[in-house]
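What follows is one structure encoded as structure tokens, with my remarks underneath.
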2 protein chains.
Amino acid sequence: MDKIAKSQVQKKPAIRGKRPARKTPSIRKEELVTIAFDLFSERHVASVTIKDIARETGVNTALIYYYFENKEDLFGAVIEFAINRAFENFRKLHEQHLSPLDDLNAWINNNIEEFESIRKLVQISLDYSRTQKSIPAIERSIRQFYDEEVRILSNCIRKGIAEKTFKPVDADEFSRFISTYLDGLMVHSTILPETDLDRSVNQLRAVIWTMLGIEGTPPQSRQGSATP
Amino acid sequence: MDKIAKSQVQKKPAIRGKRPARKTPSIRKEELVTIAFDLFSERHVASVTIKDIARETGVNTALIYYYFENKEDLFGAVIEFAINRAFENFRKLHEQHLSPLDDLNAWINNNIEEFESIRKLVQISLDYSRTQKSIPAIERSIRQFYDEEVRILSNCIRKGIAEKTFKPVDADEFSRFISTYLDGLMVHSTILPETDLDRSVNQLRAVIWTMLGIEGTPPQSRQGSATP
DNA sequence: GTCTATATGCAGATAGAC
DNA sequence: GTCTATCTGCATATAGAC
């Protein structure tokens, strides 16, 4: 009884928070990683200071070193986080749809929906690649991300070809082509912010439809949200 | 006579160099810009120190401040330099070839030949875009670069369509598509260094040939140099 | 035009209180 | 878990000699 009471008393003062409420490690860590992810992708690691991240998160600089060994460690965690999130996203695409065409459309739509977050991931991967540092685990993750993206698309195309709804093409090669184009789109939209995403994706659809000999006009994305 | 002799004498002591031979301002400046260009594109501005550039150029840190106001100024000069060089390169493509098909091939080949230097330019443009700073002159240059690249290609496609050697497509839109794909390729080859450039370009050719309904198989790039 | 020497400031990182 | 205070080192930038 006394012991329990005591332990309760012990907890109370711990809960009385200062400015930023005391959070469980995992929450705080995730919070830091998410914010660092945004900052790093927007401005490059070297241009973002630990203080920037701390300020943006609303915590003190030193706290970052409580959760991460150093800036590089944080950067690693950020890449890992971004890639894992992207992978989770791929899972949606693994739910088997009925037709390869539906799968294809789902794949494209997913890329539109997740455009911003994929763009950030690509950007950070690019920044990482320009680092001299070599962290095998991260490199593996990045490769896996691209492989998985291409694999999903490639499977769907292969299936379509087998079913004769798509004209025969080299599925792997063509998937890589599409993936590369999308990367280009990410870069373009960063360099030229006025880039019309919907138009660019519609153009991609036009090419895919022609290459795969799909009948009819491809579905068009409209500007803004999906709501009418 | 005397005046001429005197001017010759004046020059002599100037030529007596220390470790790094004294150079004319324009040479040195260009040298610094070229080296900075390589470093910035490989490693991002913020990760390259003035000392790095000085060391690589074989001069003293302070000399950089003799030629440039500060690092940002140097960065601006680097972008300007890179874009101008790219523009000079475009001039080749303006020499009118005989057929649109030759023009198209020339355009693609140019992109292969200049791949490294365009990649660096794209990389630096991307880095610049992530800077908060807005230097209108630079932004204009970057836009002009993309516009020009697309314009050249688009003209050639338009001509081919007029001559009925190409199937009708939206020339501007399709040119932008190709340009975007190439940007993607630059990114890809940085992130995934094992990227097979020739294969990727051949795949691009396959798509272009299909989209434009060009008869026969497109010319294939082989690995390595053009020599047999 | 190029160097030596140096000021200055700030970013990354730690110690230790609470 | 979070903060205050502080050290350290290095990068940008300048002054001034040659």
Side-chain angles (χ1 to χ4, degrees), chain A residues 7 9-36 39-40 43-78 127 131-133, chain B residues 10-36 39-40 43-78 127 131-133:
Chain A
S7 84
V9 174
Q10 274 179 333
K11 259 181 190 164
K12 250 186 196 160
I15 288 164
R16 149 213 63 116
K18 300 222 166 175
R19 266 72 135 279
R22 209 171 184 125
K23 301 201 177 175
T24 56
S26 52
I27 299 279
R28 215 4 47 107
K29 203 167 180 178
E30 208 181 302
E31 203 176 13
L32 284 167
V33 167
T34 336
I35 286 170
L39 292 178
F40 287 164
R43 272 162 48 200
H44 191 272
V45 216
S47 321
V48 177
T49 71
I50 294 287
K51 288 180 194 192
D52 287 337
I53 301 166
R55 193 182 329 113
E56 202 74 7
T57 317
V59 301
N60 187 276
T61 321
L63 193 61
I64 292 177
Y65 291 92
Y66 174 77
Y67 288 106
F68 304 94
E69 278 187 26
N70 49 37
K71 203 182 175 186
E72 201 186 324
D73 182 34
L74 171 57
F75 185 54
V78 162
D127 290 341
T131 288
Q132 347 288 325
K133 317 270 172 177
Chain B
Q10 273 180 335
K11 260 180 187 163
K12 250 183 193 162
I15 288 162
R16 150 210 65 114
K18 301 223 164 174
R19 265 70 135 280
R22 207 173 185 123
K23 300 200 178 175
T24 56
S26 52
I27 300 279
R28 226 337 74 96
K29 204 167 178 178
E30 208 181 301
E31 203 177 14
L32 284 167
V33 168
T34 334
I35 287 169
L39 293 177
F40 286 164
R43 271 161 51 200
H44 191 274
V45 216
S47 320
V48 177
T49 72
I50 293 288
K51 286 180 193 189
D52 289 336
I53 300 166
R55 193 183 328 111
E56 202 74 8
T57 316
V59 300
N60 188 275
T61 322
L63 194 61
I64 293 177
Y65 291 93
Y66 174 77
Y67 288 106
F68 304 94
E69 278 189 26
N70 49 38
K71 202 183 177 185
E72 200 187 324
D73 182 33
L74 170 58
F75 185 53
V78 163
D127 290 342
T131 288
Q132 346 289 324
K133 316 270 172 178

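All figures in this text were calculated on a predicted structure; none of them were measured in a lab. Here is the naming used below: chain letters follow the sequence lines, and residue numbers restart at 1 for every chain.
- Across the protein-nucleic acid pair, Ile27(B) atom CD1 and dT2(C) atom C1' stand 16 Å apart, rounded to whole Å.
- Looking at every heavy atom in both residues, Asn60(A) comes nearest to Ala54(A) through C-CB, 3.9 Å.
- Within a 6.0 Å radius of CD in Glu31(A), other residues, nucleotides and ligands contribute more than 12 heavy atoms.
- Considering only residues two or more places apart in sequence or on other chains, Asp73(A) meets the salt bridge (Lys or Arg N to Asp or Glu O under 4.0 Å) condition with none of them.
- In this structure, Arg55(A) atom CZ and dC3(D) atom P are separated by 14 Å, rounded to whole Å.
- In this structure a side-chain-to-backbone donor-acceptor pair under 3.5 Å is missing from Lys29(A) to Thr24(A).
- Note: CG (Asp52(B)) to P (dT12(D)) measures 8 Å, nearest angstrom.
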Under 3.5 Å between N/O atoms: give me all the protein pairs with nucleotides 7-9 of chain C, atom names plus distance.
none

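- Spacing between atom CG of Asp73(A) and atom P of dA13(C) amounts to 10 Å, rounded to whole angstrom units.
- Straight-line distance from the CD atom of Glu30(B) to the P atom of dG1(C): 15 Å, rounded to whole Å.
- For DNA chain C, the neighbouring residues in residues 63-72 of chain B, judged by any heavy atom under 4.0 Å, are Leu63(B), Tyr66(B), Tyr67(B).
- Atom CZ in Arg43(A) sits about 10 Å away from atom P in dA11(C), given to the nearest Å.
- Distance CD1/Ile50(B) to CG/Asn70(B): 8.5 Å, rounded to 0.5 Å.
- Looking at heavy atoms from C-beta onward, Asp127(A) lies out of side-chain contact with Thr131(A) at the 4.5 angstrom threshold.
- The phosphate of dG1(D) has neither OP1 nor OP2 within less than 4.0 Å of any side-chain N or O from Arg28(A).
- Using a 4.5 Å heavy-atom threshold, the side chains of Phe68(B) and Leu32(B) count as touching.
- Look at CG on Asn60(B): it is 16 Å from P on dA15(D), rounded to the nearest Å.
- Residue Leu74(A) contributes atom CG, which lies 10 Å from atom P of dA13(C) at whole-angstrom precision.
- His44(A) and His44(B) have parallel rings, their planes meeting at less than 30° on a 0 to 90° scale where 60° marks the start of perpendicular.
- Both Ala62(A) and Lys51(A) lie close to DNA chain C; mapped to their nearest nucleotides by heavy-atom distance, the more 5′-ward contact belongs to Lys51(A).
- Residue Asp52(A) comes nearest to Ser47(A) through the heavy atom pair OD2-O, 4.0 Å, listed as atom of the first residue, atom of the second, then distance.
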